[in-house]
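Before any comments, here is the structure.
One-based numbering, in listed order, for ligands and for the atoms of each.
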Amino acid sequence: MGHSAAVWDCRTAIEITKDWNGIDQVMLRNPHGASAKVSLHGAQVVSWRNEHGEELLFTSSKAILKHPKAMRGGIPICFPQFGNCGSLEQHGFARNKVWTIDECPPALHPNDSHGKSFIDLVLKSSDEDLKCWPHSFEFRLRVALSSHGELLLISRVRNVNGKPFSFSFGYHAHLSVSDISEVRIEGLETLDYLDNLSRKERYTEQGDAITFESELDRVYLGAPNVVAVLDHERKRTYVVRKEGLPDIAVWNPWEKKSKAMADFGDDEYKQMLCVDGAAIEKPITLKPGEEWTGRMELSVVPSSFCSEQLL
Ligand code: TA6
């Protein structure tokens, strides 16, 4: 007699389809109906939905869906440069490359697999990459969706070069919010930040929480490993947990900049907030053979949770 299939089968929780450019994308599902979709174009998470099917990441209605440009929204991977303060294009080249599925990834901790549906992707430096950034690397990314609907991203960068190299990094997470004026971030108060709107000058945060009433583009330094993004109108709190990533970049373009961006709707700044787990101020340096790991986990809890319980 056969047993009924009461056990969640992680293998059937993954489906591979094509994205708008014919590039593979991987859909992860959990037993309660939550899902995440990651495109091999940039290893970008392009969707993350809760068990009610509600989208939790922002994607612009004006997004340009043309390879190699990274689509405006989701979670682009910024590597080997975050921002524009190096010799490379803004946010580096990894988000514009086609990654491959890592068929035999090195082992991770069992907690990073157990009860999760996940996919492992890999990007290795190509001849073209080496022309603009002459350092051989292997970048492995695991994207996992837990049975509670949490989205976990684990990046591992290995130096397979003969010499040390340094890089900056960021998970450029575009969160979907109801109304930016009603949103606050808790956990960054009293920290120093670099202000991208005033030549990266260093200031100290004075407010009780970060709120939004105009353009904001900052890198908070030495940020705690848990930060809460409270969306009052939706009664929803995003919890951002990170490891190996000292900084958090916070960005909202507000009205004027939104109008100036070709791939962003004029009013869409109201529904979007970027909160990026990142390593920016002090680049990561790897000696030959060394590996670095940077993790970010996103979850959503009802706003009735008080942030002291989370932080
Ligand atoms: O989130 C920080 C940031 O670097 C901002 O300075 C802003 O330019 C934003 O990212 C958008 O970057 P992107 O290259 O995706 O248009």
Those residues that, when tested against N21, pass side chain to side chain donor-acceptor pair (under 3.5 Å) (two or more places apart):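 If we apply the side chain to side chain donor-acceptor pair (under 3.5 Å) test to N21, skipping adjacent residues, there are no hits.
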
Charged N to carboxylate O below 4.0 Å: is that the case for K18 and D24? yes

Pairing of R95 and E89 as salt bridge, 4.0 angstrom limit: no

So, [X] and [Y]: side-chain donor and acceptor under 3.5 Å apart, yes or no?
X    : Y    : result
S61  : E268 : yes
S178 : D231 : yes
R142 : S113 : yes

Please tabulate protein-ligand N/O pairs under 3.5 Å for ligand 1, atom names and distances to 0.1 Å.
| from | atom 1 | to | atom 2 | distance (Å) |
| --- | --- | --- | --- | --- |
| ligand 1 | 1 (O) | D276 | OD2 | 3.3 |
| ligand 1 | 4 (O) | H91 | NE2 | 3.1 |
| ligand 1 | 6 (O) | D217 | OD1 | 3.1 |
| ligand 1 | 6 (O) | D217 | OD2 | 2.6 |
| ligand 1 | 8 (O) | Q90 | NE2 | 3.3 |
| ligand 1 | 10 (O) | H91 | NE2 | 3.1 |
| ligand 1 | 10 (O) | H172 | NE2 | 3.4 |
| ligand 1 | 12 (O) | Q90 | NE2 | 3.1 |
| ligand 1 | 12 (O) | H91 | NE2 | 3.3 |
| ligand 1 | 14 (O) | Q90 | NE2 | 3.0 |
| ligand 1 | 14 (O) | R95 | NH2 | 2.8 |
| ligand 1 | 15 (O) | R72 | NH1 | 3.3 |
| ligand 1 | 15 (O) | R95 | NH1 | 3.0 |
| ligand 1 | 15 (O) | H172 | NE2 | 3.3 |
| ligand 1 | 16 (O) | R72 | NH1 | 2.9 |
| ligand 1 | 16 (O) | R72 | NH2 | 3.0 |

